[in-house]
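The structure appears below as structure tokens.
Atoms considered below: every heavy atom in the structure, side chains included; atoms not considered: hydrogens, waters and symmetry mates. Chain letters run A, B, ... following the sequence lines, proteins first and then strands; every chain starts at 1.
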Protein chains: 2
Amino acid sequence: MHASLSVASDPRLPIYRQLSDLLRSRIEQGHWAPGSRIPPESELAEQTGAALGTVRRAIEVLVDDGLLTRQQGRGTFVRKADFSNSLFRFFRMTGEDGALLMPQGRILARRLAPLPAAVAERLSLRPGAEGLCLDRLRLVGDKPALLECIWLEAGRFAALAELPLEDFGDLLYPLYERACGAVVARATELLTVGSAGAVTAERLGIAPGAAVVVVDRLAYGYDGRPMEWRRSWGAADKFAYSIEIR
Amino acid sequence: MHASLSVASDPRLPIYRQLSDLLRSRIEQGHWAPGSRIPPESELAEQTGAALGTVRRAIEVLVDDGLLTRQQGRGTFVRKADFSNSLFRFFRMTGEDGALLMPQGRILARRLAPLPAAVAERLSLRPGAEGLCLDRLRLVGDKPALLECIWLEAGRFAALAELPLEDFGDLLYPLYERACGAVVARATELLTVGSAGAVTAERLGIAPGAAVVVVDRLAYGYDGRPMEWRRSWGAADKFAYSIEIR
DNA sequence: GAGTGGTCTAGACCACACT
DNA sequence: GTGTGGTCTAGACCACTCC
């Protein structure tokens, strides 16, 4: 029995674990597209020979991991990550009246160049590989809020090297998906504090040497491989981040 | 049936939810002490009239919430929060050789005074209520690392007003428990960036006006009520914090 | 009404910890 | 060996979504 699981992971693991690994690999390999519905639990149970409760448990693992979301009466779906406002979690970027404002994105510069060694390493590419670099300013209510430096693998994102800068729009990740078929699944970020250099300060509209919060982000695709590295700078006096500890 | 649940929450909720609320209230009211073992699942099932699987699910909720921990073959235990190094998650506080060092705590000043309005509000106490304030320096390898200003309700923590300053030791939360029977269950923190005033700078050994990371923490007891408010300052150039996004 | 996930039950056997 | 939590099954009924 469990014929469909034979290609999967360590058989000493609990069935629900083997099952969740199987489902995870199907998602990562694009067998089920992000946003699409996976087969109903009953069907998965039948296909794999496991009991329904065991399938539910396997799905639960992936829901906890953020790969799937369930909707009662509708089905279970491959989750599409929503980074639309993620960086702005860290910053108080509301208007004078306290209302939330939609941030804009403006590409300041684009160039093809060899990836810096540190970036290449984080992207798991060989040092000196060709990269695409974007300098980008994010504005809230016409005021500069964040400055970003973004590095991508030139080959995979070739379409962005041609695209008119005005057509980049306010959000990059949906663009990656539309233009390059690259979907971001998750990311890690590292926050530090530094001081603004002359150029950074001028672009952000703050005093040179003023404190800035630096956010380094590495974004991964559904295949688990790093896809984009970016470093963002924002005025430190606008920074606020809350955490729950247990 | 479910006689033992009759005093519990909204009966329209799923049984496992009502059960987890019941268990939660028992923990919060100190019915089961932190660190102690709760009755086995089979016993809880029998007492409440629910099936074993339902009890397991209820316990799962509290495990996810961090209130309980399970240990196969031993039992399920009320979790004791471990904050021993929590603030140092945010700071690179290793020695020159990269080794982790045990932070020390030193009380610089202690005084009884009315709680500042903002602090009283966060502690859910009436404005002007008597408070106990501690100024504390945390050192790593004899170097100043963090400066802390701590506010407590004077009545509940009366024992600390008498204690010789040398007897406070390096960790406060275990002291709260020993001396005052107050156990910290969880906390929320808010991170911001500011600049060091003259006194802060001198105590931390940094330049006046240098950037500092400010961490405001509100710590809660098992009864869910706020217990301690503290504000900590650390040199911003030592700050680093990493996050996982999905 | 058909199909989906959500809750609940009753019982079996396994893995681990203590003694 | 005894008691604990961990896994798994088979089947029932409920709640929600969509046609």
Side-chain angles (χ1 to χ4, degrees), chain A residues 1-6 8-23 26-27 32 35-79, chain B residues 1-6 8-23 26-27 32 35-79:
Chain A
M1 59 168 111
H2 307 320
S4 333
L5 298 180
S6 55
S9 44
D10 193 332
R12 292 167 302 183
L13 258 41
I15 296 177
Y16 79 90
R17 258 291 171 202
Q18 299 179 44
L19 251 175
S20 72
D21 285 349
L22 175 67
L23 298 179
R26 287 207 187 154
I27 294 167
W32 295 314
S36 69
R37 201 184 69 183
I38 72 171
E41 298 173 345
S42 53
E43 193 177 322
L44 290 171
E46 203 182 357
Q47 280 178 13
T48 59
L52 212 147
T54 305
V55 171
R56 283 186 64 75
R57 183 108 193 250
I59 290 176
E60 219 161 76
V61 171
L62 299 182
V63 169
D64 285 349
D65 278 10
L67 252 65
L68 295 175
T69 52
R70 324 176 83 143
Q71 290 178 241
Q72 179 169 149
R74 300 222 311 132
T76 302
F77 299 81
V78 180
R79 180 166 164 178
Chain B
M1 55 169 115
H2 307 321
S4 333
L5 298 180
S6 56
S9 45
D10 193 332
R12 290 168 303 185
L13 257 40
I15 296 177
Y16 80 90
R17 259 290 169 200
Q18 299 178 42
L19 252 175
S20 72
D21 284 349
L22 174 67
L23 298 180
R26 288 207 188 154
I27 294 166
W32 296 314
S36 69
R37 200 184 70 182
I38 72 171
E41 299 173 345
S42 53
E43 193 178 320
L44 290 171
E46 203 183 355
Q47 280 177 13
T48 59
L52 213 150
T54 306
V55 171
R56 283 186 64 75
R57 183 110 192 247
I59 290 176
E60 220 161 75
V61 171
L62 300 182
V63 169
D64 285 349
D65 278 10
L67 252 66
L68 295 175
T69 52
R70 325 176 83 143
Q71 289 179 243
Q72 181 171 137
R74 301 222 311 131
T76 302
F77 299 80
V78 179
R79 180 166 166 179

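- In this structure, A/E43 places its CD atom 19 Å from P of C/dA2, rounding to the nearest Å.
- Following rounding to the nearest Å, B/E60 (CD) and C/dG6 (C1') show an atom-to-atom distance of 14 Å.
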Below 3.5 Å between N/O atoms, which protein atoms pair up with nucleotides 17-19 of chain C? Just atom names and distances, please.
{"from": "C/dC18", "atom 1": "OP1", "to": "B/R74", "atom 2": "NH1", "distance (Å)": "3.2"}

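- In this entry D/dG6 has C/dC13 as its Watson-Crick or G-U wobble partner, both defining distances falling under 3.5 Å.
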Given the rule in the salt bridge (charged side-chain N to carboxylate O under 4.0 Å, His left out) test, do A/R70 and A/E41 qualify, once you have shown the distances and angles that lead to the verdict? CA-CA 11 Å; A/R70 324 176 83 143; A/E41 298 173 345; 2.3 Å; yes
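- Between A/R56 and the phosphate of C/dG5, there is no side-chain N or O to OP1/OP2 separation shorter than 4.0 Å.
- Rounded to whole Å, atom C1' of D/dC8 lies 12 Å from atom CG of A/L19.
- Inter-residue side-chain proximity for B/L13 and B/Q18 is flagged as met; some heavy-atom pair is nearer than 4.5 Å.
- Comparing C/dT9, D/dC8, C/dG5 by their closest approach to the side chain of B/A51 singles out C/dT9.
- Side-chain contact between A/R37 and A/Q71 is absent, with no heavy atoms from C-beta onward closer than 4.5 Å.
- Here A/R70 does not reach the OP1 or OP2 of C/dT4: none of its side-chain N or O atoms lies under 4.0 Å away.
- Looking at the side chain of A/P40, the nearest of the listed nucleotides D/dT7, C/dG5, D/dG5 is C/dG5.
- When the C1' atom of D/dG5 is taken as reference, atom CD of B/Q71 falls 11 Å away, rounded to whole Å.
- If you check every strand for non-hydrogen atoms under 4.0 Å, B/R57 touches sugar and phosphate atoms only.
- The distance from atom OH of A/Y16 to atom P of C/dC14 is 18 Å, rounded to the nearest whole Å.
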Apply side-chain contact (heavy atoms from CB on, under 4.5 Å) to the pair B/F77 and B/L68, showing each step before the final yes or no. CA-CA 6 Å; B/F77 299 80; B/L68 295 175; over 6 Å; no
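- In this structure, the side chains of B/Y16 and B/V55 stay at 4.5 Å or more apart for every pair of heavy atoms.
- What separates CG of B/L13 from P of C/dC8 is a distance of 9 Å, to the nearest Å.
- Looking at B/I59 and B/L44, their side chains come closer than 4.5 Å, going by heavy atoms from C-beta outward.
- Two residues are said to be in side-chain contact when any heavy atoms from C-beta on lie closer than 4.5 Å; B/I27 and B/I38 fail this criterion.
- Rounding to whole angstrom units, CD1 of residue A/I38 and C1' of C/dT4 are separated by 12 Å.
- Residues A/L19 and A/T48 meet the side-chain proximity criterion, which asks for heavy atoms closer than 4.5 Å.
- An OP1 or OP2 oxygen of C/dG5 is reached within less than 4.0 angstrom by a side-chain nitrogen or oxygen of A/T76.
- With C/dT9, D/dT9, D/dT4 as the choices, the nucleotide that has an atom nearest any side-chain atom of A/I15 turns out to be D/dT9.
- When the nearest nucleotides of DNA chain D are assigned to B/G75 and A/L52 by heavy-atom distance, the more 5′-ward of the two goes with B/G75.
- In this structure, A/L68 atom CG and C/dG5 atom C1' are separated by 13 Å, rounded to whole Å.
- In terms of phosphate contacts, A/T54 brings a side-chain nitrogen or oxygen within less than 4.0 Å of OP1 or OP2 of D/dT9.
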